[in-house]
Amino acid sequence: MLRSLNINPDKCTGCLQCEMACSFENEGVFNPAKSRIKIFTFHEEGRFVPYTCTQCDEAWCLHACPVEAIKMNRETGAMEVLDSVCVGCKVCTIACPFGTVNYNQTTGKVIKCDLCGGDPQCAAACPTEAITYVDADATGLEKMRAWASKTDNQAHAN
Amino acid sequence: MSWTRKILRVNLAEGSVSEEPLNMEWADQYIGQRGLATRYFVEETNPKCDPLGSDNKLIFATGPLTGTMASTGGRYSVITKSPLTGAIACSNSGGFIGAELKSAGWDMVICEGRSPSPVMLHIVDDRAELLPADDIWGKSVWDADKIIHQKLNDPQIRIAAIGRSAEAGCLYAAVINDLHRAAGRSGVGTVMASKNLKAMAVRGTLGVGNVRDPKQFMQVTAEQKQVLAENAVTGQGLPAMGTQVLMNVINEIGALPTNNMREVQFEDANKISAEAMAEPRESDGKPNLTTNAACFGCTIACGRISTIDQAHFTVENKPEYWGNSGGLEYEAAWALGADTGVGDLDALTYANFVCNEDGFDPISFGATVAAAMELFEEGVISTEQTDGMELRFGSAEALAWCAEKVATGEGFGTDLGLGSKRLCEKYGRPELSMTVKGQEFPAYDPRGVQGMGLTYATSNRGACHLRSYTVASEVLGIPEKTDPLSVDGKAGLVKAFQDATAAVDSTGLCVFTTFAWSLDNIAPQVDAACEGGWTAEKLLEAGERIWNLERDYNMRAGLTGADDNLPKRLLKDAAKTGPAEGKVAGLDKMLPEYYQLRGWTADGQLTDETRSKFGLPA
């Protein structure tokens with residue numbers, strides 16, 4: 001079963017545990033500046049929103065890459081960057097409509113979410129379940145459950 | 001090692017910066033942050049220095065766990081000599097700039113001298129420079145933050161700054177970081193202003209990557225996050241209600257200081273409580289509280305993000321205050337509310353926004369307004385001093401007016417900026433000042449929580465709840481329940497809390513974790529990150545060493561045992577209502593025992609024996 005990262009901004013507190021988990025898994029340091037997932041704070045609105053790659057099926061980054069350095073991992077569905085092939089041309093960063101592929105000036109390659117090979121550390125580290133890793137065909141399940149609970153057929157009975 | 005082992009020294013007089021290695025021998029004795037910065041401060045400054053003179057120094061210090069994945073590991077402290085108390089000042093803040101500084105590769109920034117003109121410190125990883133700040137001098141923290149982000153063209157930069165109150169000389173001005181987190185107490189912002197240092201802007205992209213045993217660290221920090229999640233206070237109470245969970249609780253036990261501590265219960269406590277913040281309001285159906293929020297790395301997330309009712313008189317014509325910002329924490333809600341008798345939640349939230357916007361401590365501010373209200377009601381001051389404003393207990397208009405005046409230092413704002421002690425002295429009624437060592441009380445009346453009387457009297461930075469939060473034991477039963485109305489055993493309780501807290505404040509972690517964690521939970525996290533064989537015993541010993549070092553500094557600065565005192569009101573006037581009715585603060589019964597447990601003389605001085613036991617400078 002394919003799984004997807006599912007993001008619920010309502011539950012996010014902006015603690016950045018996910019950014020640290022991501023950078024630690026991928027770079028070996030606690031470093032939000034090198035995280036593949038980012039938390040955005042909308043101060044005036046009082047909202048925190050986690051944002052990262054959603055692993056498009058017809059991925060713009062994959063199609064744009066001139067050296068075929070981005071491949072789909074069949075097991076996880078993640079679009080992965082092959083560091084040995086990537087030439088750091090950054091065309092994928094232009095092609096991606098969502099901005100979730102970014103250049104890493106330390107390595108000269110691009111970085112993006114690869115779902116940590118099927119065990120995404122951001123979801124594991126999130127203390128509030130704002131980021132979960134769920135059945136790719138049912139990312140709407142919890143939202144449906146929340147709305148379902150509001151359709152109270154008994155409300156008008158008495 | 002989770003220290004970066006690097007100090008940034010900033011010479012403001014010369015406009016130069018330099019790098020030096022961290023003294024690792026001291027790090028082994030004083031951990032980091034509060035303890036280690038105090039060790040540097042004691043070494044480098046004259047305890048008799050004028051707090052606002054050029055020879056005072058200002059240190060921004062992170063701890064070894066700052067910037068790591070340990071829960072709450074984002075703290076930093078500002079250490080200096082306080083202009084409010086003349087004692088050591090050490091104010092701790094969360095938000096994000098502490099971790100950013102660490103991620104830029106610095107354990108500490110030591111600022112010395114005084115710049116001839118306004119400057120800001122700009123740090124990007126290992127590069128640091130002083131930039132002219134004439135264009136942001138005279139701006140609020142919020143405006144300065146906006147301008148700096150634009151000027152440096154970097155939305156990800158983290159900023160700490162002082163506001164107009166500090167520039168105007170308010171003695172309890174704070175350093176505000178990330179718009180609404182504060183190194184709030186003792187006037188650390190006033191010192192920053194005296195150095196002509198308007199702001200520090202930091203971007204760190206190096207990360208913290210040098211933990212001693214990464215695998216062990218990830219495992220033990222994950223386990224300890226689980227402990228926080230499963231604890232009723234850190235897992236439920238604080239995220240849902242914030243520190244404001246305390247308002248009704250403390251009122252019920254008769255320890256909510258009201259009307260400048262004339263009373264111990266506030267009839268409108270429920271109107272300014274966490275419960276009230278969650279109530280939808282009439283005008284727009286939205287509650288005051290929008291959401292909770294976390295500081296860097298914090299899995300508790302007690303922060304409040306709030307709005308003010310747009311129809312409220314304080315903001316009806318000021319759309320710039322209609323958005324969300326940092327909402328009321330318990331101490332601020334108490335000082336701005338109960339202590340002034342104001343039961344108007346929106347007025348309190350407005351005053352709190354203004355405190356953040358222009359950088360001053362809401363505890364000291366609220367308590368000073370309370371003193372001014374008593375002076376007014378006693379007829380000592382009149383509308384002549386206050387430009388016609390009636391400073392009466394319970395007046396939301398007066399509270400909002402006072403906040404605006406202190407923000408800019410205009411008119412009566414200059415008097416209010418003196419703090420309660422100097423204000424009451426100026427008008428010839430020093431007994432009306434509810435302070436210790438010149439610093440205003442926080443939100444627990446020692447008549448109803450006896451341990452807090454000793455806490456306030458002996459705190460190294462003047463009246464403060466965060467130096468030994470015995471409320472945890474006396475009210476909440478953490479780690480075990482003691483009787484809040486009894487003085488028995490409180491000397492030992494206060495000492496134990498003081499030492500443990502000094503250690504926690506030196507690690508980079510937040511003291512709020514200690515509702516769930518003891519040093520036994522913290523030591524394995526420090527040990528996995530740092531060389532040195534960190535056990536709970538070693539942390540506690542370091543904590544006691546830090547406490548004694550701070551005390552020793554204060555004695556050299558000219559304080560004496562006589563300063564370990566409480567205002568007469570708390571010692572002579574019994575609580576009039578509630579469970580503590582008839583009680584006064586029993587300080588005289590606790591203090592001698594406390595000195596004895598500390599190994600100090602009967603008049604509160606350190607002995608050479610104590611100094612040598614902890615390896616303190618002679």
Where does [X] contact chain B at under 4.5 Å (heavy atoms): side chain, backbone, both or neither?
{"X": "A/Phe42", "value": "neither"}
{"X": "A/Lys11", "value": "neither"}
{"X": "A/Ala124", "value": "neither"}

Counting only heavy atoms from other residues, nucleotides and ligands, does the tally under 6.0 Å from [atom1] of [X] exceed 12?
{"X": "A/Met1", "atom1": "CE", "answer": "yes"}
{"X": "A/Lys109", "atom1": "NZ", "answer": "yes"}
{"X": "B/Lys318", "atom1": "NZ", "answer": "yes"}
{"X": "A/Gln105", "atom1": "CD", "answer": "no"}

(request) Below 4.5 Å from any heavy atom of chain A, which atoms of B/Glu100 appear? Answer side chain, backbone, both or neither. (result)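 Looking at B/Glu100, nothing touches chain A.
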(message) Is B/Ala104 in contact with chain A via its backbone, its side chain, both, or neither, using a 4.5 Å heavy-atom distance?
(response)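 For B/Ala104, no heavy atom lies under 4.5 Å from chain A.
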(request) Examine B/Phe217 together with A/Phe30 and report whether their ring centres are nearer than 6.0 Å. (result)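 Aromatic pair counts; centres sit under 6.0 Å.
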(message) For B/Thr290 versus A/Glu45, what's the shortest heavy-atom pair and its separation?
(response)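 The answer is CG2-O, 3.9 Å.
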(message) Can you give me the closest heavy-atom contact between A/Asn31 and B/Ser103, atom names plus distance?
(response)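 Between these two residues, the closest heavy atoms are OD1-OG, 3.7 Å.
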(message) Is it the case that the side chain of B/Asn324 and the backbone of A/His43 share a donor-acceptor pair, with hydrogens and angles ignored and the cut-off at 3.5 Å?
(response)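 No; zero donor-acceptor contacts below 3.5 Å.
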(request) State whether the side chain of A/Gln17 and the backbone N or O of B/Met69 hold a donor-acceptor pair below 3.5 Å, judged by distance alone. (result)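 Checked: pair present.
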(request) Working to the nearest 0.5 Å, report the span between CD of A/Gln121 and CE of B/Met218. (result)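 Reported value, rounded in 0.5 Å steps: 6.5 Å.
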(request) Heavy atoms only, distances under 4.5 angstrom: which of A/Thr106, A/Val29, A/Thr13 has the most pairs with chain B? Name it, please. (result)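 Going by pairs under 4.5 Å, I would pick A/Thr13.
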(request) Using heavy atoms and a sub-4.5 Å threshold, report which of residues 291-309 of chain B line up against chain A, by residue number. (result)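 If one takes a 4.5 Å heavy-atom cut-off, the residues of residues 291-309 of chain B near chain A are B/Thr291, B/Asn292, B/Ala293, B/Ala294, B/Cys295, B/Phe296, B/Gly297, B/Cys298, B/Thr299, B/Ala301, B/Ile305.
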(message) What residues of residues 205-212 of chain B make heavy-atom contacts with chain A at a cutoff under 4.5 angstrom?
(response)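 From residues 205-212 of chain B, the residues near chain A are B/Thr205, B/Leu206, B/Gly207, B/Val208, B/Gly209, B/Val211.
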